[in-house]
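Accompanying notes for the structure given below.
Computed from a prediction, not measured in an experiment: that's the story for all the values here.
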Amino acid sequence: MRRTDRTPLVTLVASVALAPLFASCGGSGAAAVSLTSASPDHASARGGETITLEGLGFGSSPKVRFGGVEGTVHSATDTRIEVVAPQSVAGKVTVEVEVQAIPTRARLDDAFTFEALPLTFVDVAWQRMTPLPVDGGSAAIAGSKVFQAAHREGVWVHEAAGNGMLGTPTLLEADADPFDVYSVVARDLDGDGNVDLFLGATSQTPSRIRFGDGALGFTSSATALPVLFGTAQTAIAADLDDDGDLDLVTVGAATKIDGAPGVVLLLNDGLGRFTDVTDRLPGGPFNAAGVAAGDVDGDGDVDLFFAGDAAASRLYLNDGHGVFGRAAPDALPGNSAPGAGVPALGDFDGNGTLDIYLPTAGQDRVLSNDGSGRFTDVTDLRLGPDATAGRSAVVADLDLDGHLDVIVTTQAGRVRLLRNDGTGRFFDYSGQIAGNGSTLVDADVAVGDLDGDGDLDLFVSRQGFARAAMFVNWSPLGFHDGDGDGFPDEVDSCPAAYSPDQANVDSLSFRCDSKATCQAETKCDLVAHGTSAYLVCAAVKATWADASQACTDRGGALVTVSSAEENAFLLSLGVADAWIGFTDAAAEGTFVWASGQSTYVNWGAMQPDNAGGSENCAAFLADGTWNDAPCGEARGYVCEDVRARVPDPGDACDVCSMSYEPGSSPVVLGDAGTCAPMDPDAGAP
């Protein structure tokens, strides 16, 4: 329970001067030093509060430690110290003052309490980052940047812009050729102090490494990695051979069709060049759903736990030089977890050894370590009968109480938050995440301080051309929720109207919050490329006029093809015999675009021929060239929309919930009145 009485507590037992650590030149004893009180006697585990210490003999330059962690002294006199409490300290701790000039110390044992944060997370993505639709893969946080893998695109980089905001994202393309990025690892791989990227591929495109310059410049190296590809490839970085640099372990599905490896061990030469040493893992080739690295047997080196999917999980123990031996057969209980996902290692019960959290397609499992690398299944004691199935797990101390919590992405594609009570028992706090109940499918969770306030937040990458979530730890901000929808008024898209899903689809491309939504509502496929989103309506046949109206009704327009590169992208999607937004219906022989401007054309041979003056609309053919055709014919079509708009107040507060209206000030909520169609160009970047 949070303490409500904020009056300072004075500890009655105060230490007096300790014996001097060395005698003064004159041989006299040390001056008396005592510490009598700390006011207030508590602070948030986030730190940052100013604490007043009173006593005697402090001098002008003392050091103050809370639980062994040094605070920042603002001012000091002989009897009073003003000090800022540090971060990352948990629970009841001893306060210590060190007088360096004497030197000697005084302390108050267990006199100060760092209070754990309440686990309340709020999705602030609509207010604090661009609602960019991405077919997301994994995500990683490094410094002030979030790196989000994007299928068919590369990596989107979201950089902190101050005031808790993430700035306009930048696309870091994987290379000139198309690259289906599935996962990203952001670490310093070449030892120059800058963040580099391992980009894991899917399909038959090789994975790659991009070396960073410390800003947003990244360069490729054809010799950094051996040829490496696989299905759904992910990786971790760890120093496997104790030589001071980061090595890589990749996992993926090996199939007879693509010939890709499953698990791969890659040793770093210190300069970011990697050699395949998978033969150091005995037992022959195998597949894994995920891998976690840590010292499980207490000998000081990094061991590897591989979660099996269709096969049993495996534990490999390191000899200290990057050579691994298979753990004893009884090291893992049951040794089978069908449908296992990405595991996590952490000391959950506080006994100094690394335990395992293993997501599975059935019930997730918790395996407790005896300290020697032998594990016992304690799921019934630690998780209880909850049968929720997980896909991947991440561990972090979210409430700053000194104990590791677990964030799970479930098989159903939701975030599940499990709070550790300090004994290794986990309790489900998922209901404390405002915005966690949406229909969007999560791909991966990255943990870091996104808003710079000293605690950990969650960046959730999502699949299927959906916006990411930015769940920030809301404490200690006030949580006033006037409409009772679970969102505090400060970030509620409409504080006066109940809107638990924070619907704001008119700020999204074609008013679709995901690819699945668009498919269900339009029978068309939603894709994205650069700054544009596209609806590819191959199965829906319409006249040019009806196709144009259908695009406008969704907030877009028939596609304007602006370059050979965009034309090639449409061709790569398999677009054939489909209307584009080029017509000379208004002035014979003068083709113009339905929306937007472009000087690019790609007419086929002898086109446009405008036979009999009846062929006034352009169609995109299977070879990527264009042909003019009668506008009344029924064909498929392609719509184009801006990919991201600045969010408006939100549908619940809009006068016209289906129109983009950033200045909306409704008089009567829910009364749409007369609504004009959405302006397809409004809010375009």
Side-chain angles (χ1 to χ4, degrees), residues 130 132-135 150-157 168-181 205 216-218 220 465 509-510 524-538 544 547-548 551-552 554-586 589-608 616-629 635-645 679-685:
T130 302
L132 181 78
V134 169
D135 192 5
H151 301 313
R152 294 180 60 89
E153 291 192 275
V155 176
W156 283 97
V157 185
T168 302
T170 302
L171 179 62
L172 172 65
E173 295 180 279
D175 261 327
D177 55 318
F179 184 26
D180 200 352
V181 182
T205 305
L216 282 178
F218 289 86
S220 295
F465 292 110
S509 306
F510 304 111
C524 305
D525 291 327
L526 175 64
V527 295
H529 181 65
T531 60
S532 292
Y534 303 86
L535 271 184
V536 181
C537 303
W544 192 94
S548 180
C551 294
T552 301
R554 300 296 303 191
L558 276 173
V559 62
T560 296
V561 185
S562 301
S563 65
E565 191 271 341
E566 185 177 20
N567 200 82
F569 171 73
L570 296 177
L571 181 62
S572 73
L573 298 177
V575 174
D577 195 28
W579 294 124
I580 59 177
F582 213 29
T583 178
D584 70 345
T590 303
F591 277 84
V592 296
W593 293 100
S595 177
Q597 297 181 352
S598 172
T599 59
Y600 174 77
V601 293
N602 194 38
W603 294 112
M606 308 300 292
Q607 300 298 326
N616 300 118
C617 295
F620 192 99
L621 304 182
D623 63 356
T625 62
W626 311 346
N627 182 37
D628 57 337
R635 301 174 185 270
Y637 55 94
V638 180
C639 305
E640 184 176 10
D641 196 0
V642 294
R643 188 165 182 179
R645 296 181 176 89
D679 179 357
D681 297 321

Does V642 offer a backbone N or O that forms a donor-acceptor pair with the side chain of S509 under 3.5 Å? yes
Measure across I580 and F620 and return the closest heavy-atom pair with its distance rounded to 0.1 Å. CG2-CB, 3.9 Å
Which pair of heavy atoms, one from E566 and one from T560, lies closest together, and at what distance? OE1-O, 3.3 Å
Give every residue pair that meets the salt bridge (Lys or Arg N to Asp or Glu O under 4.0 Å) criterion with at least one member in residues 574-583, sequence neighbours excluded. D577-R635
Side chain of S598, backbone of V561: donor and acceptor closer than 3.5 Å? yes
For A622 and L571 the tightest heavy-atom approach is O-CD1, 3.2 Å
Between atom CG of D525 and atom CG of L573, what is the distance when rounded to the nearest 0.5 Å? 9.0 Å
Once rounded to the nearest 0.5 Å, what's the spacing between atom CG of L535 and atom CZ of R554? 7.0 Å
May I ask you to check whether the SG atoms of C537 and C524 are separated by less than 2.5 Å? yes
Would you please say whether a donor-acceptor pair under 3.5 Å links the side chains of E565 and Y600? no
Looking only at heavy atoms, the pair that brings V638 and Y534 closest together is CG1-CD2, 4.2 Å
Mutual orientation of the aromatic rings belonging to H529 and F569 [parallel < 30°, tilted 30-60°, perpendicular > 60°]: parallel
dist T552:OG1 -> L558:CG (nearest 0.5 Å) comes out at 7.5 Å
Test side-chain hydrogen bond (donor to acceptor under 3.5 Å, both in side chains) applied to N627 - qualifying residues, sequence neighbours left out: Q607
Answer yes if the side chains of N616 and W544 hold a donor-acceptor pair under 3.5 Å, and no otherwise. no
Decide yes or no for F591 and W603: does some side-chain heavy atom of the first lie under 4.5 Å from some side-chain heavy atom of the second? yes
Between A150 and V134 the two heavy atoms that sit nearest each other are CB-CG1, 3.6 Å
For residues L132 and W156, report the shortest heavy-atom separation together with the two atoms involved. CD2-CD2, 3.5 Å
Mind checking the CZ-CZ spacing from F510 to R643? Nearest 0.5 Å is all I need. 12.0 Å
